[in-house]
Amino acid sequence: LEVVKNDKVKNYLLHVVNNQVGSVGNYVTSVRTVCENTMRAGIAASNRKMRVWHGKDVTANVKLACEIIDVETQEFAATIEQWQKLAKATLCKADLEKFVKRLFDVSDDASEVSTKKLNQIEKIVSLAFTGKGNNGSTFWDAVNGVTEYFSHNAGHNASTRLESTWFGNNAKMIQSAFDIAFDMLAI
């Protein structure tokens, strides 16, 4: 599915077999799994977790798993619709600055804000305008500026940045960006 032209978002079904205990785990996730690390990230990022045990109820469990996947598919489509609303909602520079200040929970008085936070705010505002695919005109650009900052710039090195983007503070900040944008637009 596309949020905007050439900005595709995919959902995946991660299927994990545990032969030692006789179970199959199914996880609906946006993480493309290519190794054990991305498998763990996919499991952690999944909103829907289904486990099917090998036994007499396996047929009923598989049927239930299919029903859950159908619900998840509908919810994913609804999420894309929300993101498309962000992409259609115009954003002026003042609203962008308000958005980023809310993200970092800072006041308008710059003297009370650390230099580090001011630099982070400046970088995110810049990425909302110049980041990949962004032009600074929509709330989608603002959220993508936050996402690009925390997934490609923040942190001391790529390893800690990745860990934080999947499981830590960077993931929380990216989710907060979506929440703030939805709140500002009353979506």
Side-chain angles (χ1 to χ4, degrees), residues 1-14 27-34 38 41-42 44-48 69 71-108 110 113 116-155 158 160-187:
L1 295 173
E2 288 187 331
V3 177
V4 295
K5 188 175 179 178
N6 297 320
D7 192 355
K8 295 179 182 177
V9 182
K10 295 181 180 180
N11 228 4
Y12 300 93
L13 177 63
L14 172 57
Y27 308 89
V28 179
T29 181
S30 60
V31 177
R32 183 174 160 260
T33 304
V34 296
T38 55
S46 176
N47 291 328
R48 298 273 191 251
I69 290 168
V71 168
E72 181 61 30
T73 300
Q74 292 168 8
E75 287 181 5
F76 183 65
T79 298
I80 295 296
E81 287 178 20
Q82 286 185 314
W83 293 349
Q84 288 169 336
K85 289 177 184 177
L86 292 178
K88 291 176 183 168
T90 58
L91 176 76
C92 65
K93 185 154 183 176
D95 284 340
L96 176 59
E97 290 173 358
K98 180 180 175 184
F99 166 83
V100 179
K101 286 179 180 178
R102 276 187 66 183
L103 180 69
F104 285 99
D105 194 26
V106 298
S107 69
D108 288 331
V113 183
K116 179 181 178 180
K117 275 193 182 176
L118 287 173
N119 290 339
Q120 290 172 316
I121 290 168
E122 183 179 316
K123 182 66 174 177
I124 290 170
V125 169
S126 173
L127 288 169
F129 283 94
T130 63
K132 186 172 181 163
N134 292 347
N135 64 19
S137 64
T138 69
F139 276 88
W140 186 245
D141 293 332
V143 170
N144 280 322
V146 171
T147 301
E148 185 171 342
Y149 175 77
F150 283 106
S151 62
H152 295 287
N153 295 276
T160 59
R161 182 171 41 253
L162 180 64
E163 181 78 17
S164 184
T165 300
W166 282 350
F167 307 112
N169 189 60
N170 291 1
K172 291 175 188 170
M173 294 298 281
I174 293 166
Q175 183 58 54
S176 291
F178 277 102
D179 295 342
I180 291 166
F182 292 144
D183 182 61
M184 289 178 74
L185 293 172
I187 294 178

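Note that the coordinates shown come from a computational prediction; the quantities given were computed from them, not determined experimentally.
- Listed for the N170 side chain is no donor-acceptor partner under 3.5 Å among the backbone atoms of S151.
- We find the CD1-NZ distance between I121 and K123 to be 14.5 Å, quoted to the nearest 0.5 Å.
- Summarising the geometry of F129 relative to V125, their closest heavy-atom pair is CD1-O, 3.2 Å, with the distance given to 0.1 Å.
- Note that the CG atom of D141 and the CG atom of N135 stand 5.0 Å from one another [nearest 0.5 Å].
- Taking the six-membered ring where the residue is Trp, F99 and F139 present perpendicular rings, their angle passing 60° and hence far from 30°.
- Closest non-hydrogen pair, V146 versus A177, comes out as CG1-CB, 3.7 Å.
- Scanning all heavy atoms of the two residues, the minimum distance from A181 to L86 falls at CB-CD2, 3.7 Å.
- In plain terms, the two heavy atoms of L103 and M173 that are nearest each other are CD1-O, 3.4 Å.
- How far CD of Q175 is from CZ of F150: 13.0 Å, rounded to the nearest 0.5 Å.
- Counting only heavy atoms from C-beta outward, the side chains of I124 and F104 approach each other to under 4.5 Å.
- Within the model, atoms CD1 of I174 and CG of D179 stand 12.0 Å from one another, a figure rounded to the nearest 0.5 Å.
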Decide side chain to side chain contact (heavy atoms under 4.5 Å, CB included) for W140 and V3; before the verdict, give the C-alpha distance in whole Å, the side-chain angles of both, and the deciding distance to 0.1 Å. CA-CA 9 Å; W140 186 245; V3 177; 3.6 Å; yes

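- Between L91 and D95 the shortest heavy-atom distance is CD1-CB, 3.5 Å.
- Rounded to the nearest 0.5 Å, atoms NZ (K132) and CG (L127) are 13.0 Å apart.
- Side chain of S126 to backbone of E122: no donor-acceptor contact under 3.5 angstrom is found.
- Taking CG from L96 and CE from M184, the interatomic distance works out to 8.5 Å, rounded to the nearest 0.5 Å.
- E72 approaches N11 most closely through the heavy-atom pair OE2-ND2, 3.8 Å.
- Counting heavy atoms of neighbouring residues, nucleotides and ligands inside a 6.0 Å radius, atom NZ of K101 exceeds 12 of them.
- Counting only heavy atoms from C-beta outward, the side chains of W83 and V143 never approach each other to under 4.5 Å.
- Between the side chain of S164 and the backbone N or O of T160, no donor-acceptor pair lies under 3.5 Å.
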